[in-house]
Number of protein chains: 2
Amino acid sequence: MTSDPACTELPSAARGGPVSHAVSRVARLHRIAAGKLLKGAGLYPGQEFLMMYLWDAGAVRQSEVIKAVDLDPSTVTKMLQRLEQSGHVRRSPDPADRRAVLVEATDNSCALLSDVERAWTSLEEHTLAGLDTGERKELARLLARVEENLCRETADCPENR
Amino acid sequence: MTSDPACTELPSAARGGPVSHAVSRVARLHRIAAGKLLKGAGLYPGQEFLMMYLWDAGAVRQSEVIKAVDLDPSTVTKMLQRLEQSGHVRRSPDPADRRAVLVEATDNSCALLSDVERAWTSLEEHTLAGLDTGERKELARLLARVEENLCRETADCPENR
DNA sequence: GCGCATTACTTGGCCGACCAAGGTAAAGTT
DNA sequence: AACTTTACCTTGGTCGGCCAAGTAATGCGC
């Protein structure tokens, strides 16, 4: 009676893929939680990854960003336009290649780094609450396996580094 | 050297939340994979859940759908409008309550049920390839725990059934 | 040097998903 | 019966994300 996993009864058409269903639900909840924590920093869910990369990488070509976050180029373009408008990012033409665009986190945005770091570890703790170290490691391991699986044949992960 | 989990180096700002990062990546890859499998059935990623519920539930109020898939009402409205346009769903005013709308999967869409079922189990297999039964059960268990955690305080799961 | 493929981004369109606000109808209160 | 609250959806706007197609510059082969 009270034994169903979490919140929802599984639709019968999804019986063949309970884990997939769980992944979808967890993904959405996780994204929402991340969004709430990141809202304080003025970031929308998804933008964190881009900024995290830029904070590490410094001034860099947009193509590098695209490779790093592994999103559609058009997605990155639009995200960067918005991040530029909101003052988190500076873009400038690459003098060495007139097609390319150099991207860089603004000094302003760097002030958010620690906020985002805190938010991210807080999210992790919220996500993994009640799991001991062994379980966390196991979950990380299993997710890594799953990620590998999903990369294969989907051909979304660069085979060539 | 070749020991990093999957495809990507973790940004330093995300060091405090490796599992969260993995969840995000897996979520996106999983959604993409689902989308590819479901494209054959004429469904966009996300619509599966709605249709799965309707196939089980028959003619039902829109508010029931909203509760079941646990999405924003406005999201459901728009999805249903599109699903109606594409012929997967029929909507009609509820004679018993003039605010409400009754929703129902069309006969046409029911023909897709088996396709979606197959797609979903195929997705599951693709996702969990190489994991033995114990690992699968463990992953399911851990995901359920995580889901519980994310429901708390986010107050997105109905406390009240 | 010239043409052609490749690379690098942009634009437009579409969908899922959110929030904020609005409008209507039912239910509850007095 | 009139008023207020609550439930049920819709509309409009914004974002992340995808695809398809387009533009512009570079690089490569010849």
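Lettering of chains follows the sequences in order, A, B, ..., and the numbering in each one begins at 1. Any value given below was found using the heavy atoms of this structure, including those in side chains, with hydrogens, waters and symmetry copies removed.
In this structure, the NZ atom of A/Lys67 is 11 Å from the P atom of C/dT7, given to the nearest Å. Atom CD in A/Glu84 sits about 9 Å away from atom P in C/dT10, given to the nearest Å. Atom CG in B/Leu29 sits about 14 Å away from atom C1' in D/dC18, given to the nearest Å. In this structure, the CZ atom of A/Arg28 is 16 Å from the C1' atom of D/dC15, given to the nearest Å. Atoms CZ (A/Arg31) and P (D/dC15) sit 13 Å apart, rounded to a whole Å. One atom, CG of B/Asp72, and another, P of D/dG13, lie 17 Å apart when rounded to the nearest Å. Spacing between atom CD of A/Gln85 and atom P of D/dT14 amounts to 11 Å, rounded to whole angstrom units. Spacing between atom CG of B/Leu43 and atom P of C/dG16 amounts to 10 Å, rounded to whole angstrom units.
Residue A/Thr77 places none of its side-chain N or O atoms closer than 4.0 Å to OP1 or OP2 of C/dC9. Put simply, A/Gln62 has no side-chain N or O that comes within less than 4.0 Å of OP1 or OP2 on C/dT7. Regarding contacts with the backbone of D/dG16, every side-chain N or O of A/Thr75 stays at 4.0 angstrom or more from both OP1 and OP2. Between A/Gln81 and the phosphate of D/dC15, there is no side-chain N or O to OP1/OP2 separation shorter than 4.0 Å. Considering only side-chain N and O atoms, A/Gln47 lies under 4.0 angstrom from the phosphate OP1 or OP2 of D/dG16.
Scanning atom types as modelled, no donor and acceptor separated by under 3.5 angstrom connect the side chain of A/Ser74 and the base of C/dC9.
Remark: B/Arg91, B/Arg99, B/Ala100 in residues 90-100 of chain B come within less than 4.0 Å of DNA chain D through at least one heavy atom. If you check residues 109-122 of chain A against DNA chain D, you find no residue with a heavy atom closer than 4.0 Å.
Nearest nucleotide to the side chain of A/Ile32, out of C/dC18, D/dG16, D/dC18: C/dC18.
Applying the salt bridge (Lys or Arg N to Asp or Glu O under 4.0 Å) test to residues at least two apart or on different chains, the pairs with a partner in residues 106-117 of chain B are B/Asp115-B/Arg118.
In summary, B/Arg99 and B/Asp94 do not engage in a salt bridge, as defined by a charged side-chain N under 4.0 Å from a carboxylate O. Of the charged side-chain nitrogens involved, at least one lies within less than 4.0 Å of a carboxylate oxygen, so that A/Arg141 and A/Glu138 count as a salt-bridged pair. Salt bridge annotation for B/Lys67-B/Glu64: present, with a cationic side-chain nitrogen under 4.0 angstrom from a carboxylate oxygen. One finds no salt bridge joining A/Arg25 and B/Asp70 here, because no Lys/Arg side-chain nitrogen approaches an Asp/Glu carboxylate oxygen to under 4.0 Å.
At distances below 3.5 Å, not a single donor-acceptor pair connects side-chain atoms of A/Asn149 with backbone N or O atoms of B/Gly130. In this structure a side-chain-to-backbone donor-acceptor pair under 3.5 Å is missing from B/Arg31 to A/Ser24. A donor-acceptor pair under 3.5 Å is absent between the side-chain atoms of A/Thr75 and the main chain of A/Leu71, judged by distance alone. The backbone N or O of A/Gly87 lies less than 3.5 Å from a partner atom in the side chain of A/Thr106, making a donor-acceptor pair.
For the pair A/Trp120 and B/His21, the minimum side-chain heavy-atom distance is below 4.5 Å.
Among the heavy atoms of the strands lying under 4.0 Å from A/Leu71 are primed sugar atoms or P, OP1, OP2 only; no base atom is included.
Place A/Arg82 and B/Lys78 on DNA chain D by their nearest nucleotides, and B/Lys78 ends up nearer the 5' end.
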